[in-house]
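The structure appears below as structure tokens.
Convention: sequence-line order gives letters A, B, ...; per-chain numbering from 1.
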Amino acid sequence: MIRSFPLIIIFLVAAILLFLPAKKPFEVTSDMALSNLTKKFDIQDKDSSYGFVKYNDKIKKLLDNIPDDKLTPVACSDSFYRNVQGVYIFDNLRVGQVHFVRIKNEEFLEFMREKEGTFIGGKKILTGRICELADKTILLFYSVGIYDLELADTTTVRRAIAYSEDNTAYIDIIPRKSLLMKRTLKIAESENNIHCHSIFQLTNGRELFLLCEESKEWHSNYFVKKISLKNGKAQVLGSCLNEHRDKLKTICD
Amino acid sequence: MDKKLYLIVVLILVLGGLSVAPKAAIDLSKSGYQAASYTPLVLSNLLKKDKDKYVVIDVRTRVEYDAGHIPGAVWANYYDMEALKKAAGDKIPITYCAFSAMRGPYAAYLLYQAGFKNVGVLAGGISQWAEDLQGMDSNDPRFKTVFNHPKNIFPDRPKSEYPANRGEVEFNIVATRFKFEPNEIVVEHGQKVTLHIRSDDIVHGIAIPEFGIEEELPPHEEKDITFIADRRGTFPFVCNVICGKAHEHASMVGNLIVK
């Protein structure tokens with residue numbers, strides 16, 4: 001026992017160091033303009049501009065059937081995109097109704113730059129959204145892909161992103177404590193543009209219901225997915241495929 | 001048994017140490033040039049307190065400037081050394097463009113090379129000023145938004161005569177935060193120049209506006225840029241993708257020297 005004593009002390013110190021509440025890579029700050037904590041997010045079932053159907057009544061019923069007391073409140077930012085200069089800009093937030101709003105949090109920007117440093121094949125962050133739970137766990141939604149820089153130069157970067165290729169949608173789960181437990185879950189992939197930033201609700205059992213949007217030539221497709229934040233298991237609950245080459249044709253299952 | 005346990009514990013200690021160790025500071029000093037940067041609020045307060053000491057120079061196009069600019073800012077094109085020097089006069093120049101990604105830092109570096117040792121850039125450019133402070137002057141009565149970034153912002157240079165048969169040269173350049181290595185390229189007038197450039201850490205970019213070059217540099221991928229060095233002179237190059245805090249990003253510069 002006396003011989004093992006120093007070993008026990010060293011082991012305890014090592015254990016404390018490993019599980020010390022390490023600093024999160026970034027904290028949510030006021031410039032991210034998160035909404036209030038919400039249990040159910042209102043997502044329109046149809047695109048207001050083009051009439052694309054996003055989800056049907058079957059999905060609506062499934063979501064409505066989960067009672068409020070089984071849901072965890074979440075606060076989310078507006079969706080954002082990354083421009084060619086590496087600036088992250090919110091889609092809808094405006095100052096003075098005119099000037100767009102960017103994310104200024106340097107730790108967040110640094111986190112995203114370093115993340116991009118791990119991608120291969122010219123992939124970049126395209127779009128995303130930041131959410132936070134009441135226990136300060138951060139859910140970072142983002143899509144990664146490649147777009148034509150010349151197109152971004154001749155139109156807008158948002159249009160170039162809409163025509164991007166080889167997209168993958170992810171969630172980073174950044175818990176309040178311990179850097180070691182940060183996880184990344186792959187939500188969806190597409191040869192074209194896809195993003196999965198629209199959350200319906202999150203259950204107390206950490207099952208996330210969200211809406212993925214995929215755009216490719218003449219098609220705007222929507223998938224409602226259920227993802228377990230505990231084990232990453234994903235399931236498509238329903239999809240609506242909208243073909244708009246000529247007259248709009250929608251098929252939902 | 002004890003030896004194995006000690007090894008395991010040492011491994012755990014190392015892992016634990018790595019997880020809490022602070023990141024090494026990034027060395028900005030390699031090029032010997034460090035631009036200062038000012039947030040909109042800091043600059044606004046500085047100008048109220050000491051407006052005779054500083055001059056804010058809008059280095060975007062004239063059209064952009066007329067649409068809306070920082071109150072009191074003067075205008076000079078980002079690549080026009082003589083106009084920039086005249087605009088700076090005997091004051092400390094602070095430059096800005098739309099985001100202070102390329103044109104603002106480029107102009108600041110030109111001024112530094114012209115002898116202005118305390119140059120600065122406005123962090124975030126006029127878009128951040130517009131967002132944080134909103135107040136702007138405009139020569140356009142229909143002024144709505146400053147975000148009117150034109151597509152072609154390179155200097156319009158006429159084609160030059162250059163000697164033929166000067167051969168070809170190639171250079172390897174590595175971009176990391178916050179330097180290009182090497183940051184000085186020397187070539188002969190008339191040579192065909194190929195730059196093999198890659199980023200070793202994050203997404204960078206390189207812009208050599210006098211030769212119409214602007215290229216994004218994704219990490220770990222080599223890009224080849226070829227052009228003819230058809231004019232003599234010293235031509236700066238900068239990183240045109242914001243890769244850090246404003247003063248860090250603006251300090252990532254180099255020179256192409258054509259002899």
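Here the straight-line distance linking atom CZ of B:Arg177 with atom CZ of A:Arg113 works out to 6.5 Å at 0.5 Å rounding. Interatomic distance, CD of A:Glu106 versus CD of B:Glu248, reported as 7.5 Å (0.5 Å rounding). Taking CD of A:Glu110 as the start and SG of B:Cys243 as the end, the distance is 9.5 Å to the nearest 0.5 Å. The CD atom of B:Gln128 sits 13.0 Å away from atom NE2 of A:His99, with the distance rounded to the nearest 0.5 Å. Distance CD/B:Glu215 to CG/A:Leu149: 8.0 Å, rounded to 0.5 Å. A distance of 7.5 Å separates CG in A:Asn83 from CD1 in B:Ile242, rounded to the nearest 0.5 Å.
A:Arg159 CZ: 12 or fewer foreign heavy atoms inside a 6.0 Å radius. A:Phe41 CZ: more than 12 foreign heavy atoms inside a 6.0 Å radius. For B:Asp224, the CG atom counts as densely surrounded, since its 6.0 Å shell holds more than 12 non-hydrogen atoms of other residues, nucleotides or ligands. When the shell of 6.0 Å around CD of A:Glu191 is examined, it contains 12 or fewer heavy atoms from other residues, nucleotides or ligands. For A:Asn231, the CG atom is densely surrounded, since the number of other residues' heavy atoms within 6.0 Å is greater than 12. Annotation: B:Lys245, atom NZ; neighbour count of heavy atoms from other residues, nucleotides and ligands within 6.0 Å does not exceed 12.
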Exercise for the section: Apply the test side-chain contact (heavy atoms from CB on, under 4.5 Å) to residues B:Glu214 and A:Val84: give CA-CA distance (whole Å), side-chain angles for both, the deciding distance (0.1 Å), then the verdict. Expected result: CA-CA 11 Å; B:Glu214 202 166 25; A:Val84 172; over 6 Å; no
Problem - Verdict with reasoning, A:Glu116 to B:Ile202, per side-chain contact (heavy atoms from CB on, under 4.5 Å) - result: CA-CA 6 Å; A:Glu116 279 188 328; B:Ile202 63 169; 5.7 Å; no
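The heavy-atom pair separating A:Phe119 from B:Pro219 by the smallest distance is O-CG, 4.1 Å. The heavy-atom pair separating A:Val95 from B:Glu131 by the smallest distance is CG1-O, 3.6 Å.
For a residue to count as touching a neighbouring chain, one of its non-hydrogen atoms must lie under 4.5 Å from one of that chain's; by this rule A:Lys104 touches chain B with the side chain only. B:Asp132 touches chain A through its side chain: at least one heavy atom from C-beta onward sits under 4.5 Å away, while N, CA, C and O do not. For chain B, the nearby parts of A:Val101 are the backbone and the side chain; heavy atoms of each come within less than 4.5 Å.
Residue-level contacts of residues 121-129 of chain A with chain B, in order of numbering, are A:Gly121, A:Gly122, A:Lys124; threshold 4.5 Å between heavy atoms.
Interface summary for chain A: among B:Ala101, B:Pro218, B:Gly205, B:Gly244, the most heavy-atom pairs under 4.5 angstrom belong to B:Gly244.
One N or O on the side chain of A:Arg102 and one on the backbone of B:Gly124 form a donor-acceptor pair closer than 3.5 Å.
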